[in-house]
Every structure is written in C-alpha cells, then in structure tokens.
Undergrad: 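Can you read through this structure? Questions will come right after.
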Amino acid sequence: MFAIDLNKYRLVDLSYEVDPDNCPPDRPFELQRGYLADNAYKYDVRTHSHVGTHIESPAHFFEGGRDTTCYPLDAFFGRAVLLDVPDATRAAEIGPDYLERAVGDILQPGDIVICRNSDVDSLASGDPARYPALTPEAGHWLAERGIKMLGIDTHFRLGKDVAAGRALHDILMSRGVLFIEFLDNLAELRQREFFFMALPF
C-alpha cells in the first residue's frame, strides 16, 4: 500500500496555466461549447500536444517509439532532484562537470530531475539565448545515472540550438526517459529533493 501523508508535505502546483485567449496561432487552445443529448454541456477542444505543461515520450521523436500509454504509472511520479542554476550568465551550457557539482552527490537511479534557472540577470533579460542549456554530453551523464524523467520550465533550454536539443532528446529518449516541459512556479521549490507527480491524461 502506497500512501502519502499530506500533513507532512507542502503542495506546489507546477502546471502552466493556459489562457485560451492568448495562445499563439501555432499553439492553439480553442474551446467550443455545445450540448449533449440530455442538454448537459460539453466542450470541443482544438489544440495539440505541446500546449501548456506536457509530457513527451519516445514516440515524440522515434517512429514506433513508446507513447505514454506504454509506461507504468510509477514512471510519472517519484523522488525528484532539483537542478538549480543560479549562475546561467556564467554557465550557459550545462555539461557533466556542472551536473556532477550540482546534483552528483544525491542523484539516484530512477530519479526525476527538474531543472530551474534562478539566475536573476538572465531571467530579467527575457532573452532565451541567455538561459541555461543542457548539452548532449549532459544527456549522456543523466542517462548513465538512470533518470526516468527530465523536466524544465520556459526559462531553461534542452540544448543551445535545434541540433543540440535534438541530440539531447535522442540520447535520453532512446533510453526511455520521459520529458516534461512548460513547468511553472519552480521558484516555489525549497528543497533539493522532493516528491514529484505528473500523471498524463
């Protein structure tokens, strides 16, 4: 029996709030209200899989890759480790050495890694080019340590450019690692280790 005593935890909602009225054309989230046969309301939703907080599985990149329905439920929750980058302007590319210093002492096989940019200067700039970016070599380091999920918000990049981002996805997704993107409220996390849950629907 698995149980969580909610009296011992502080709950933080890390989901990104989607505003249907302010979505860009290439990432729509449109709702059209209608009625069911008994006159109860129903909604037709037009969107795609990359709107708001979303999970990516190997099916996102590989023909015949596993989608989220092929994973056991416990792939989407568990012990998480916070990779906090307070010095993005000096360490824009996050490689194995940075990871070793930041989380090498606590990372365990089966962990979830959540990446946070807390560099005030890069956040204030609003320039994605100044946000920290994981390197493909970082992907190998994380894969070798057996993580099961990697998460970022909109102030952290999975590679400095498209090619590096694709390489990072290939390295980790070929090992079955899930990605969760468009997280929010990461500033509310106060501990390096915490329990994380992101059940797909």
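Positions are given from 1 along the sequence. The structure presented is a predicted model; accordingly, all values stated were derived computationally and were not measured.
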Undergrad: Please name all residues satisfying ring pair (Phe, Tyr, Trp, His ring centres under 6.0 Å) with Tyr35, sequence neighbours left out, ordered by chain then number.
TA: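 Tyr35 satisfies ring pair (Phe, Tyr, Trp, His ring centres under 6.0 Å) with Tyr41 once adjacent residues are dropped.
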Undergrad: Between Leu158 and Phe179, is any pair of side-chain heavy atoms under 4.5 Å apart?
TA: yes
Undergrad: Residues in salt bridge (Lys or Arg N to Asp or Glu O under 4.0 Å) with Asp84, at least two apart?
TA: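 Salt bridge (Lys or Arg N to Asp or Glu O under 4.0 Å) check on Asp84 returns Arg116.
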Undergrad: My understanding is that only one of Leu82, Leu189, Leu183 makes a side-chain contact (heavy atoms from CB on, under 4.5 Å) with Phe196; could you say which?
TA: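 The residue from Leu82, Leu189, Leu183 that satisfies side-chain contact (heavy atoms from CB on, under 4.5 Å) with Phe196 turns out to be Leu183.
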Undergrad: For the residue pair Cys115 and Leu150, establish whether any side-chain heavy-atom pair is separated by less than 4.5 Å.
TA: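 Yes, their side chains come closer than 4.5 Å.
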Undergrad: Under the rule for salt bridge (Lys or Arg N to Asp or Glu O under 4.0 Å), what residues qualify as partners of Asp111, not counting sequence neighbours?
TA: Arg79
Undergrad: Decide whether Phe194 and Leu199 are clustered together by the hydrophobic rule: side chain heavy atoms of Ile, Leu, Val, Met, Phe, Trp, Tyr closer than 4.5 Å, transitively.
TA: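 Shared cluster, yes.
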Undergrad: Are Val162 and Met173 grouped together when hydrophobic residues (ILVMFWY) are joined by side-chain heavy atoms under 4.5 angstrom apart?
TA: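 No, Val162 does not connect to Met173 through the hydrophobic network.
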Undergrad: For a 4.5 angstrom cut-off between non-hydrogen side-chain atoms, does Asp121 reach Arg130?
TA: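 In short, these two side chains touch, coming nearer than 4.5 Å.
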Undergrad: Hey, does Val81 have a side-chain heavy atom less than 4.5 Å from the side chain of Ile112?
TA: no
Undergrad: Let me check something: do Phe195 and Leu83 share a hydrophobic cluster, defined by ILVMFWY side-chain heavy atoms less than 4.5 Å apart, either directly or through other members?
TA: no
Undergrad: With side-chain hydrogen bond (donor to acceptor under 3.5 Å, both in side chains) as the rule and sequence neighbours excluded, what pairs involving residues 68-78 come up?
TA: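 Checked against side-chain hydrogen bond (donor to acceptor under 3.5 Å, both in side chains) - neighbours excluded - the pairs reaching residues 68-78 are Arg66-Tyr71, Asp67-Thr69.
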Undergrad: Report whether Ile106 and Ile94 are members of the same hydrophobic cluster (ILVMFWY, side-chain heavy atoms less than 4.5 Å apart, transitive linking).
TA: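 Yes: a chain of side-chain contacts under 4.5 Å links Ile106 to Ile94.
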Undergrad: With sequence neighbours left out, which residue pairs that include part of residues 171-184 fulfil the salt bridge (charged side-chain N to carboxylate O under 4.0 Å, His left out) condition?
TA: none
Undergrad: Under the side chain to side chain donor-acceptor pair (under 3.5 Å) test, which residues partner Asp38, sequence neighbours left out?
TA: none
Undergrad: For Asp170, give me all partners under salt bridge (Lys or Arg N to Asp or Glu O under 4.0 Å), at least two apart in sequence or on another chain.
TA: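 In terms of salt bridge (Lys or Arg N to Asp or Glu O under 4.0 Å), with neighbours along the sequence ignored, Asp170 is linked to Arg166.
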Undergrad: Give a yes or no answer on whether the side chain of Asn185 reaches the backbone of Leu14 with a donor-acceptor pair at less than 3.5 Å.
TA: no
Undergrad: Between Leu107 and Leu142, is there a side-chain heavy-atom distance shorter than 4.5 Å?
TA: yes
Undergrad: Any heavy-atom pair between the side chains of Phe182 and Ile152 that's under 4.5 Å?
TA: no
Undergrad: Tell me, yes or no, whether the heavy-atom count around Phe61 atom CZ, taken from other residues, nucleotides or ligands under 6.0 Å, exceeds 12.
TA: yes
Undergrad: From Asp153 CG over to Ile114 CD1, what is the distance, rounded to the nearest 0.5 angstrom?
TA: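 If we round to the nearest 0.5 Å, Asp153:CG and Ile114:CD1 are 10.0 Å apart.
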Undergrad: Using ring pair (Phe, Tyr, Trp, His ring centres under 6.0 Å) as the criterion, list what pairs up with Phe62, not counting sequence neighbours.
TA: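 Scan of Phe62 (ring pair (Phe, Tyr, Trp, His ring centres under 6.0 Å), adjacent residues dropped) gives none.
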Undergrad: Using modelled atom types only, decide if a donor and an acceptor are shared between the side chain of Lys148 and the backbone of Phe77 within a distance under 3.5 Å.
TA: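 Between the backbone of Phe77 and the side chain of Lys148 there is a qualifying donor-acceptor contact (under 3.5 Å).
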Undergrad: Evaluate the side-chain proximity of Ser122 to Asn117: yes if any heavy-atom separation is below 4.5 Å, no if none is.
TA: yes
Undergrad: Which side-chain hydrogen bond (donor to acceptor under 3.5 Å, both in side chains) pairs, counting each pair once, include a residue from residues 132-144, with sequence neighbours left out?
TA: Glu100-Trp141, Thr135-Glu137
Undergrad: Which is it for Phe156 and Leu134 under the side-chain contact (heavy atoms from CB on, under 4.5 Å) test, yes or no, and what are the steps along the way?
TA: CA-CA 8 Å; Phe156 210 105; Leu134 292 168; 3.9 Å; yes
Undergrad: Please list, chain by chain and in numerical order, all residues satisfying salt bridge (Lys or Arg N to Asp or Glu O under 4.0 Å) with Asp13, sequence neighbours excluded.
TA: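 Per chain and number, Asp13 pairs via salt bridge (Lys or Arg N to Asp or Glu O under 4.0 Å) with no residue.
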Undergrad: Looking at residues at least two apart in the chain, or sitting in another chain, which of them share a side chain to side chain donor-acceptor pair (under 3.5 Å) with Asp105?
TA: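 Listed in chain order: Arg192.
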Undergrad: With the side chain counted from C-beta on, respond yes when Val103 and Val113 share a heavy-atom pair under 4.5 Å apart, and no when they do not.
TA: no
Undergrad: Taking only residues two or more places apart in sequence or in another chain, which ones pass side chain to side chain donor-acceptor pair (under 3.5 Å) with Asp87?
TA: Tyr98
Undergrad: Does His60 reach the main-chain N or O of Glu56 with its side chain, forming a donor-acceptor pair under 3.5 Å?
TA: no
Undergrad: For Asp119 and Val85, what are the C-alpha separation, side-chain angles and deciding distance, and is it a side-chain contact (heavy atoms from CB on, under 4.5 Å)?
TA: CA-CA 7 Å; Asp119 185 294; Val85 180; 5.9 Å; no
Undergrad: Got a sec: does the CZ of Arg10 have more than 12 other heavy atoms crowding it under 6.0 Å?
TA: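 It does: Arg10 CZ has more than 12 such atoms within range.
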